[in-house]
Amino acid sequence: MSTVEKSSNIVWHECSVNKHDREQLLQQKGCVIWITGLSGSGKSTLACALSHTLHSRGKFTYVLDGDNVRHGLNKNLSFEAEDRAENIRRVGEVAKLFADAGVICIASLISPYRKDRDACRALLPKGDFIEVFMDVPLQLCEARDPKGLYKLARAGKIKDFTGIDDPYEQPLNCEIVLQQKSDTCTSPCEMAETVVSYLEGHGYLQA
Ligand SMILES: Nc1ncnc2c1ncn2[C@@H]1O[C@H](COP(=O)(O)OS(=O)(=O)O)[C@@H](OP(=O)(O)O)[C@H]1O
Ligand SMILES: Nc1ncnc2c1ncn2[C@@H]1O[C@H](COP(=O)(O)OP(=O)(O)O)[C@@H](O)[C@H]1O
């Protein structure tokens, strides 16, 4: 899919109410928490636990989950590399709008390619893109297999499945790594607290 700019003669229109004004209203700073990892690594679980924890502390969040966005905005995209890139690009742009709205936007997508994630990072002001890597071994993700997709992929019934016959490029230098070697290691609530501590320490939970 081409991302060449096709719009011409367009001029940015500035509004008198800006990001800072919205952040003052919400008493928080808009940002993007980008959760990446294999299928079954716990991205959606963490996204919801984090949203729940922040919501109960009076913070305004919104979750953009890969599976969910593919039900609507991105329903025309496959799992080929080019379509995954377009999937990530669109979600990155939507997340940027949410952050500009003052919202703590939590994006949870496999986002297997480093360059696609880095392109999303480049859309945001420095510091506002917080990459969280679910560092969970393939064996554990496959043992969980809550949707039975690994089983289908191993049987050759799903092609290009991440981790099986499609690549996953781990982040080299992300803000938070959540390592999990077994299911009893760290609970979703504990993981959410790690992210909340990061946000608190970096001033995102106040205007
Ligand atoms: N071929 C293939 N590879 C990986 N995943 C697949 C595939 N086909 C379907 N699914 C389901 O799609 C979910 C991942 O969607 P994403 O939008 O996060 O993927 S990506 O970022 O574009 O790679 C993923 O959800 P999660 O398990 O939550 O990661 C799967 O349910
Ligand atoms: N911290 C955790 N500890 C134990 N099990 C977890 C944890 N996080 C998620 N799970 C379980 O792992 C499975 C996959 O989680 P999910 O959030 O759907 O992953 P993903 O969105 O990356 O595909 C689910 O059955 C979920 O209950």
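Note: hydrogens, waters and symmetry copies are ignored here, and every other heavy atom, side chains too, is used. Both counts, for ligands and for their atoms, begin at 1 and track the order of listing. Just so it is clear, the structure is predicted and the values come from calculations on it, not from any experiment.
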side-chain contact (heavy atoms from CB on, under 4.5 Å) with K43: of L109, I110, V136, only one passes, and it is I110

Provide the number and element of each atom of ligand 1 under 4.0 Å from a heavy atom of L109. 17 (O), 18 (O), 21 (O)

Considering only protein heavy atoms, which is closest to atom 13 (C) of ligand 1, and at what distance to one decimal place? D67 OD1, 3.5 Å

Side-chain ion pair, D145 and K151, N-O less than 4.0 Å: no

When the ring planes of Y62 and F98 are compared, do they come out parallel, tilted or perpendicular, using 30° and 60° as the limits? parallel

Considering non-hydrogen atoms of the protein only, which is the closest contact for atom 27 (O) of ligand 1, and what is the distance? S39 OG, 2.5 Å

So if I only count non-hydrogen atoms and take anything under 4.0 Å from ligand 2, which residues does that give, chain by chain? L38, S39, G40, S41, G42, K43, S44, T45, R144, P146, Q180, D183, T186, S187, P188, M191

Protein residue, atom and distance nearest to atom 18 (O) of ligand 1, heavy-atom basis: I110 N, 3.0 Å

Nearest neighbour of atom 1 (N) of ligand 1 from the list L152, I88, D160, D116, on a heavy-atom basis: D160

Write out the residue and atom name of the closest protein heavy atom to atom 28 (O) of ligand 1, then the distance separating them to 0.1 Å. K147 NZ, 3.2 Å

A cation-pi test, strictly: NZ or CZ of R117 under 6.0 Å from the centre of the six-membered ring of F129 and no more than 45 degrees from its axis. Yes or no? no

Is there a side-chain contact between I104 and L205, using heavy atoms and a 4.5 Å cut-off? yes

Measuring only between side-chain heavy atoms, which start at C-beta, is T45 closer than 4.5 Å to M191? no

Starting from atom 21 (O) of ligand 1, what is the nearest protein heavy atom, named by residue and atom, and what distance separates them? S111 N, 2.8 Å

Please determine whether a side-chain nitrogen of the Lys or Arg among E175 and R121 lies less than 4.0 Å from a carboxylate oxygen of the Asp or Glu. yes

Between K19 and D128, does any side-chain N to carboxylate O distance fall below 4.0 Å? yes

Can you find a heavy atom in the side chain of D166 that is under 4.5 Å from one in the side chain of F79? no

Any side-chain heavy-atom pair of V63 and S108 under 4.5 Å: yes

Do me a favour and list the nearest non-hydrogen protein atom to atom 20 (S) of ligand 1 with residue, atom name and distance? N87 ND2, 3.7 Å

F79, portion touching ligand 1 at heavy-atom distance under 4.0 Å: side chain

With side chains defined as the heavy atoms from C-beta onward, is the minimum distance between N87 and D116 less than 4.5 Å? no

At under 4.0 Å between heavy atoms, is it the side chain or the backbone of K43 that contacts ligand 1, or both, or neither? side chain

What protein heavy atom is closest to atom 23 (O) of ligand 1, reported as residue, atom name and distance in Å? R84 NH1, 2.8 Å

Name the closest protein heavy atom to atom 15 (O) of ligand 1, giving the residue it belongs to and the distance to 0.1 Å. R70 NE, 3.5 Å

Quiz question: by atom type and distance under 3.5 Å, do the side chains of S51 and T61 form a donor-acceptor pair? yes

Numbering the atoms of ligand 1 from 1, which are under 4.0 Å from a heavy atom of T162? 3 (N), 4 (C)

Answer side chain, backbone, both or neither: which part of D65 comes under 4.0 Å from ligand 1, heavy atoms only. neither

Would you mind listing every side chain to side chain donor-acceptor pair (under 3.5 Å) that reaches into residues 91-102, with sequence neighbours excluded? R22-D100

Ligand-side contact atoms (ligand 1) for residue partner K159, heavy atom cut-off under 4.0 Å: 1 (N)

Exam field: side chain Q28 to backbone F60, donor-acceptor pair closer than 3.5 Å: yes

For G66, the ligand 1 atoms whose distance to one of its heavy atoms is below 4.0 Å: 17 (O), 18 (O)

